[in-house]
Participant: 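The structure follows.
Because the structure is predicted, anything quoted here is derived from the model rather than measured. Per chain, numbering begins at 1; letters A, B, ... match sequence-line order. Computed over heavy atoms, backbone and side chain alike; hydrogens, waters and symmetry mates excluded.
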Amino acid sequence: MIKLYNTLTRRKEELKTREAGKVYMYVCGPTTYNYIHLGNARPIVVFDTVRRYLEYRGYQVIYVQNFTDVDDKIINRAKEENMDAIKLAEKYIEEYFEDADALGVKRADYHPRVTEHIDDIIDMIQTIMDNGYAYEVDGEVYFDVRSFPDYGKLSRRDLDEMRAGARVEVDERKKDPLDFVLWKPAKPGEPAWDSPWGKGRPGWHIECSAMSLKYLFNGFDIHGGGYDLIFPHHENEIAQAEACTKEAPFVRYWMHNGFITVNQEKMSKSLGNFFLVREILDKFSPDVVRFYLLSTHYRSPLDFDDQKLEMNAKGLEKLKNTRARLWELLKGNVVEDVVLEGENRRTYQAVQEARRKFEEAMDDDFNTALGIAVLFEISKEINNYINQRDFYLGKQQVKVISECQKLFDQLGKEVLGIFDLDAGNQVGDSGLEEFLIELLIDVRQQARSKKDWNTADYIRDRLAEKGIILEDTPQGCRWKRG
RNA sequence: GGCGGCAUGGCCAAGUGGCUAAGGCAGAGGACUGCAAAUCCUUUAUCCCCGGUUCGAAUCCGGGUGCCGCCUCCA
């Protein structure tokens with residue numbers, strides 16, 4: 001049974017999907033006027049992992065992530081760069097994919113863009129107006145928050161209390177200061193589309209309501225995003241969607257991730273304390289970044305600095321080493337069905353137990369931190385198993401090792417997505433490089449057998465300079481890229 | 001001003017009533033090794049403070065202190 005924390009009810013609830021075996025899921029994507037920073041990357045990776053786990057659990061996940069490709073920030077940026085706004089947005093969509101792909105984020109089933117859904121948005125605004133929840137003033141359409149009694153139910157805000165303390169700019173044309181724009185008129189030179197209210201473009205919030213309803217239909221399962229979207233963005237999404245369909249709930253479960261902080265302060269564009277994903281990827285490999293993002297529960301804040309990434313890099317390295325050992329041992333061996341005894345049986349059972357514990361952790365509101373801890377524990381058991389004095393690769397052992405490998409691949413690679421992310425950096429050559437490394441290892445082994453330590457160490461040191469790490473084991477020398 | 005969150009060993013971080021408070025990083029010692037690396041073993045916490053509830057609390061309640069977030073674009 002999967003439980004998840006629902007922001008709407010402020011408690012963990014059992015996941016009961018609209019349709020058996022299917023999860024319809026929407027995650028707010030970036031406004032594409034710049035490269036994404038680490039704070040943007042967190043929800044992307046977190047919800048990608050939620051999706052992967054649901055799929056591991058046998059659900060078919062219909063996953064939608066939008067791009068906001070027309071908006072004030074894009075228009076301003078385009079002016080600065082003397083560029084067409086739509087083209088600028090498109091450029092950064094491409095850049096987005098480069099970063100997200102690097103972090104091992106699976107593509108959504110749909111990546112809808114605002115500019116491709118203007119008609120849907122206009123239709124929706126019209127319906128909201130027809131239903132009496134919006135009004136037009138001078139080519140501008142506002143949502144009438146006072147007409148929607150449930151307004152504030154997600155963020156637990158009371159309209160009257162908010163009005164008292166808020167520094168909301170007063171626009172005389174609005175009925176209430178909190179009324180928000182559904183459609184705004186375009187100034188000359190700005191991207192604009194024809195509408196019943198004149199040339200203009202959609203307000204920010206309406207797109208997500210329109211596109212999620214279009215692809216996932218009313219009453220879909222999970223809607224995700226950062227904490228800072230609860231108000232006003234998601235509050236407004238609910239108001240728009242339910243004012244349009246006249247049916248609640250628009251969404252069954254609302255999930256929100258905590259912030260990335262720098263020196264305990266929120267990383268944000270307005271504070272200027274942000275780090276671009278690609279800046280970080282210059283210094284750390286993508287699997288480390290992903291591992292770091294999953295090392296804390298998704299609802300907690302996560303502080304960023306290089307030292308923390310280095311810590312995580314060391315931890316991840318440990319898991320990768322164990323996994324590499326499994327691959328080496330299994331190479332060329334065929335698994336047969338045999339009865340397991342003694343240590344083999346015990347280790348096999350420990351692997352089953354680890355899987356159970358991992359699932360238990362992830363079932364409980366996607367506790368990736370605990371799930372990772374389970375991998376560390378089983379990793380230690382596996383190493384102990386292989387380290388046994390009398391260990392040899394018989395049929396029983398092959399079966400056990402194969403089970404270990406399956407565990408690592410399913411939980412670590414498939415669900416958490418933390419393995420094999422740097423594969424792209426290891427540009428495949430003709431195999432010549434591998435051949436030469438093996439050759440040098442061979443020469444070194446000969447030197448070692450003659451106790452020619454100088455030559456042996458020279459080869460090892462020189463290869464280390466190029467990031468090739470040699471490790472001598474009882475089974476011979478193994479190497480890896482560091 | 002309104003609303004909300006957090007405070008666990010040197011650092012990061014699970015754990016929301018009950019066996020000896022997970023796991024990672026760092027440190028110390030040891031095993032293994034030609035030396036390393038990798039791996040393993042050993043070792044470091046009365047859970048911000050005060051009061052309360054309870055047979056029993058890191059975990060619930062009240063108060064305090066500190067930090068952070070939302071209320072305006074922000075993942």
Participant: Distance between the P atoms of rC68(B) and rU16(B), in whole angstroms?
Facilitator: 27 Å
Participant: Just to confirm, is there a sub-4.0 Å distance from OP1 or OP2 of rC25(B) to any side-chain nitrogen or oxygen of K318(A)?
Facilitator: yes
Participant: Whole-Å distance between rG15(B) P and D364(A) CG?
Facilitator: 7 Å
Participant: Per the atom types in the model, does the base of rG4(B) pair as donor or acceptor with the side chain of R156(A) at under 3.5 Å?
Facilitator: no
Participant: Determine the interatomic distance between P on rA37(B) and the same-named atom on rA75(B); round to the nearest Å.
Facilitator: 44 Å
Participant: Taking rC47(B) as the reference, what is the distance to rC12(B) when you measure between their C1' atoms (whole Å, please)?
Facilitator: 16 Å
Participant: Is the shortest side-chain N/O distance from N387(A) to OP1 or OP2 of rC40(B) below 4.0 Å?
Facilitator: no
Participant: Name the residue from Q65(A), E207(A), H223(A) that meets the side-chain contact (heavy atoms from CB on, under 4.5 Å) definition with C28(A).
Facilitator: H223(A)
Participant: Does a side-chain N or O of K266(A) approach OP1 or OP2 of rA75(B) to a distance below 4.0 Å, or not?
Facilitator: no
Participant: Ring of Y298(A), cation from R42(A) - is the NZ or CZ under 6.0 Å from the centre and inside 45° of the axis?
Facilitator: no
Participant: Select one nucleotide: of rC40(B), rC71(B), rG4(B), the one nearest the side-chain heavy atoms of R10(A).
Facilitator: rG4(B)
Participant: Nearest whole angstrom, please: distance from the C1' of rC3(B) to the OH of Y151(A).
Facilitator: 14 Å
Participant: Taking atom C1' in both rU53(B) and rC61(B), what distance in whole Å separates the two?
Facilitator: 7 Å
Participant: Using a heavy-atom cut-off of 4.0 Å across all strands, would you classify G225(A) as base, sugar-phosphate, or nothing?
Facilitator: sugar-phosphate
Participant: Establish whether the base of rA36(B) is bridged to the side chain of R460(A) by a donor-acceptor pair shorter than 3.5 Å.
Facilitator: yes
Participant: Of all residues at least two apart in sequence or in a different chain, which pass the side-chain hydrogen bond (donor to acceptor under 3.5 Å, both in side chains) check with W254(A)?
Facilitator: none
Participant: So does F97(A) have more than 12 non-hydrogen atoms from other groups sitting under 6.0 Å from CZ?
Facilitator: yes
Participant: Would you kindly give the CG-to-C1' distance between L271(A) and rC74(B), to the nearest whole Å?
Facilitator: 10 Å
Participant: Using a 6.0 Å distance limit plus a 45 degree cone around the ring axis, check whether R157(A) lies over the aromatic ring of F231(A).
Facilitator: yes
Participant: Of all the nucleotides listed (rA13(B), rA75(B), rG23(B)), which has the minimum atom distance to the side chain of L229(A)?
Facilitator: rA75(B)
Participant: Please state the P separation for the pair rG23(B) and rC19(B) - nearest whole angstrom.
Facilitator: 16 Å
Participant: Could you tell me which non-hydrogen atom of G371(A) sits nearest to which non-hydrogen atom of A361(A), and how far apart they are?
Facilitator: N-CB, 3.9 Å
Participant: Classify the side chain of D457(A) and the base of rG34(B) as holding, or not holding, a donor-acceptor pair under 3.5 Å.
Facilitator: yes
Participant: Nearest whole angstrom, please: distance from the C1' of rU16(B) to the OH of Y5(A).
Facilitator: 13 Å
Participant: Between rU59(B) and rC6(B), how far is it from one P atom to the other, in whole Å?
Facilitator: 13 Å
Participant: Which string of ( ) [ ] | and . matches RNA chain B, if you list each base 5' to 3' and count Watson-Crick or G-U pairs only when both distances are under 3.5 Å?
Facilitator: ((((((((.[[[..)..(....]]].(((((.......)))))....[[[[[..)....]]]]])))))))....
Participant: With hydrogens left out and only the distance checked, is there a donor-acceptor pair under 3.5 Å joining N263(A)'s side chain and the base of rC68(B)?
Facilitator: no
Participant: Can a side-chain donor-acceptor contact be found between D176(A) and Y142(A) if the only test is distance below 3.5 angstrom?
Facilitator: no
Participant: Would you measure the distance from the P atom in rG4(B) across to the matching atom in rU20(B) and give it in whole Å?
Facilitator: 37 Å
Participant: F259(A) stacking on rG69(B): centroids under 5.5 Å, ring planes under 30°?
Facilitator: no
Participant: Please give the distance between the C1' atoms of rG56(B) and rC60(B) as a whole number of Å.
Facilitator: 13 Å
